[in-house]
Amino acid sequence: MSTGRFTIPSEENFAEQTKKLAELWGADAIRNSDGTHLDEAVLALGKKVYSAYFPTRAHNEWITLHMDETPQVYLLTDRILAETGIVTIPLMDGFYEEQLQPNRDADPHRYWEVVDRTTGEVVDTADWTYDPAADTVTVSGATPMHEYTASFLAYIIWDPVEMYNHLTNDWGDKEHEIPFDIYHEQTRDFVFDTFSRWLKDSPQTDVVRFTTFFYQFTLLFDARHREKVVDWFGCACTVSPKALDDFEARYGYRLRPEDFVDAGCYNSAWRVPRKAQRDWIDFLSDFVRANVKRLVDQTHAAGKEAMMFLGDQWIGTEPYKDGFGDLGLDAVVGSIGDGTTTRMIADIPGVKYTEGRFLPYFFPDTFYEGNDPSIEGLDNWRKARRAILRSPISRMGYGGYLSLAAKFPKFVDTVAHIADEFRDIHDRTGGKPAEGELNVAILNSWGRMRSWMAFTVAHALPNKQTYSYYGILEALSGMRVNVRFISFDDVLDHGVDPDIDVIINGGPVDTAFSGGDAWRDPRLLETIRAWVRGGGAFVGVGEPTAVPRFQGGRFFQLADVLGVDEERFQTLSVDKYFPEVTPEHFITADVHLADGVLDAWRAAGRTRDISGCGGGIGATVGGIDFGEPIANTYPVNEDVTLIRADDGQVQLAVNDYGKGRGVYVSGLPYSAANARLLERILFYASHHEDRYDAWSSTNPECEVAYFPDSHQYCVINNTDRPQSTTVRHADGTEAVYDLDGSGIAWHEV
């Protein structure tokens, strides 16, 4: 058994069991979780001590005397139909009143807004009144049969994360923790003075685990305690009258409430970012980072390490935004949900080390009689492991109540196995990543600032409508390629970096990820076209390069590169003819088709030409899960190579474009088969088919990671079932491996 690189949670009155589990798991550090404390017997175990610290909550004795200095959020009411010239809008309908309370202190006519949603016009402040006793806004002179909303400031009076933990763990009558906003000078002084005293009173602490800093991501609940608005990137809960006034003084224009509520979208990460949103992020980041730096400096002056938890109140830190390394943080820790979230943590620059908090959390929603948490534990490890081989995190650990986990012996043994394997990977590789064979860039509106953060609602959770796009990131997270994120501005300002082999652009139309109106800029189109014609590779997924409104006779603005466009009911009178499908191709070499499928497809009349969109190819080949369908896609000419066009839609096509290639795929939810499909797409698109076999696995359920510096490679089984695979070496030789479920094998080269 090895030791180190492992952080174990503990709690009061659990020292003896903590000691046993720490020895079994090889833990060298110990931490407390939310709602727990480490007693003296636990501290005496001699482990490195992490102490969770909450800069802006857990001090109700202060904030109850300054309730006008809690964080605030702009809320949008329901749309209320005016049936006469007067309409009354209830503010709090649908919101959880134990979490949110209207700001009755600041002038509503200065900071609120009423909008006629039928016309989009702002209602003059003279035409509406606010009743603070009833928390209603009444509009006079309303237009009958128009809908009206009010956007209003509300105090956040229950910390959303503590509230979530409170409800999840049934903390009963435990006092609600009220958050506070350091934008207010008195509260800011209180935060730093309190932290200074805490440092003096906590000599046993080695690492201050800031959980996190000042502003919570958007997490609003409804009247039935259910999540109402969730956006892990959302900046909605960061406003205050003072901050809005200071923003106006700095930027020369005033933000509207609409700039935050965004017609009910609340500036979702899917929305194409607008100037006001970007300016607010910059303004907020400047303020947050300046004060984070103060906390970090205080921590270091006390001889302790400063660690940031990438979650909870992380808004304003933006770890991939330029300048993050200047904060001086020693480490970032975050929850590991899958390969994508592993890379989100592991790739963060400017810190000494990164740490992953693996799942499941030791909470009663998982650790209950009759459940087997080891199943989730191994599944979580398999997802993370393939990403760790590509971009190592330095440490691992778990969170929650150790006393719960201790009741499940099988899980305890599973964690021991995972911890040993994690350390073994580090020992063998020296913490260096496996070799990447290609350089792949994800192109979207956010670029590097949101690396590994695309297509995400919350932690490791995509929208049910867009899981196909999230699958791209999950596949790439453990693939033998080097991944970076670039923005449209990067391409416009600097062109395409010469070392990039493939660019991927994907997402639904008019989103931050496909790009929306960014593709109306002819300079962007010129740059990408020239790059592909010169030998580059462009892969589009879903509705790539699409513009919100039909332009120039095309919906996909780079349809000429991709070889595919989408009918938007504007050119239905123009016939579209599908070329013959090529179901057997380099890209689909690993797609399993049952015996007789291709014969049946051929017999169904695959070459039948049918004019009109949506009816080009009637027969189905199948064998690939493309996720959410993209309707009415068609080849722009008959020179395009169709690989799948089932049911009259193009799902997969390749197109030669000068010396380069374009590839279109309608969607790619994550699976081993689809990860293999995407891998083959990338090698084919970049004209590197000849490099594909080296360090590849014949079984898509298994992957190979090659480490040239240490002259070794490993083969991993990404399933819970035994698998067999043949590994192809760079010199053309092969080796066969039989792996147990979740197994890993190492080989010296």
Side-chain angles (χ1 to χ4, degrees), residues 1-12 14-54 198-199 202-212 296 299-300 302-312 329-336 342 345-346 348 351-362 377 380-381 384 388 392-406 412 414-427 431:
M1 184 191 74
S2 58
T3 59
R5 300 189 180 277
F6 190 99
T7 305
I8 188 173
S10 190
E11 56 202 86
E12 300 95 329
F14 206 65
E16 193 58 36
Q17 277 290 87
T18 299
K19 181 180 179 180
K20 291 179 181 178
L21 290 174
E23 291 174 354
L24 180 63
W25 293 347
D28 59 344
I30 192 166
R31 64 172 288 241
N32 64 310
S33 299
D34 192 5
T36 70
H37 299 279
L38 303 180
D39 57 28
E40 290 301 322
V42 172
L43 296 174
L45 294 177
K47 307 295 181 184
K48 192 173 185 178
V49 175
Y50 291 22
S51 294
Y53 190 82
F54 307 94
W198 181 88
L199 287 171
S202 305
Q204 75 283 357
T205 297
D206 301 298
V207 180
V208 181
R209 181 193 188 266
F210 290 104
T211 315
T212 305
V296 172
T299 304
H300 289 164
K304 306 179 189 302
E305 292 182 16
M307 171 183 279
M308 166 186 157
F309 176 60
L310 185 57
D312 299 358
L329 283 159
D330 297 282
V332 173
V333 62
S335 292
I336 298 290
T342 303
I345 299 162
I348 291 174
V351 292
K352 296 175 183 177
Y353 63 96
T354 54
E355 183 167 331
R357 190 69 65 241
F358 284 70
L359 298 181
Y361 275 94
F362 304 164
N380 182 250
W381 169 241
I388 289 169
I393 54 174
S394 306
R395 299 181 55 83
M396 67 169 294
Y398 290 86
Y401 304 120
L402 189 62
S403 57
L404 272 179
V412 168
T414 296
V415 172
H417 169 76
I418 290 171
D420 283 343
E421 192 171 296
F422 175 78
R423 287 185 287 261
D424 185 55
I425 290 172
H426 264 275
D427 292 344

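Side-chain contact between Asp330 and His300 is present, with heavy atoms from C-beta onward closer than 4.5 Å. With contacts defined as side-chain heavy-atom distances shorter than 4.5 Å, the pair Leu404/Tyr361 does not qualify.
Residues forming a side chain to side chain donor-acceptor pair (under 3.5 Å) with Arg357 (at least two apart in sequence, or on another chain): Glu355. In this view, Phe422 and His426 satisfy the ring pair (Phe, Tyr, Trp, His ring centres under 6.0 Å) rule, not counting sequence neighbours. Among residues two or more places apart in sequence or in another chain, the salt bridge (charged side-chain N to carboxylate O under 4.0 Å, His left out) test is passed with Glu16 by none.
The two atoms that bring Thr354 and Ile345 nearest to each other are CG2-O, 3.3 Å, heavy atoms only. A pairwise comparison of heavy atoms in Phe358 and Asn380 identifies CD2-OD1, 3.3 Å as the closest pair. Nearest heavy-atom pair across Ser10 and Thr18 is OG-OG1, 2.6 Å. Closest approach of Ala346 and Pro392 over heavy atoms only: CB-O, 3.9 Å. A pairwise comparison of heavy atoms in Ala406 and Leu21 identifies CB-CD1, 4.1 Å as the closest pair. Of all heavy-atom pairs between Val351 and Leu329, the closest is CG1-O, 3.7 Å.
Between Asp28 and the options Lys48, Arg423, Arg395, Lys47, a salt bridge (charged side-chain N to carboxylate O under 4.0 Å, His left out) holds for only Arg395.
Ring orientation note: the planes of Tyr53 and Phe210 are nearly perpendicular, at an angle over 60° on the 30°/60° scale.
Using modelled atom types, no side-chain atom of Thr212 and backbone atom of Leu310 make a donor-acceptor pair closer than 3.5 Å. With hydrogens and angles disregarded, no donor-acceptor distance shorter than 3.5 Å links the side chain of Trp25 to the backbone of Ile418.
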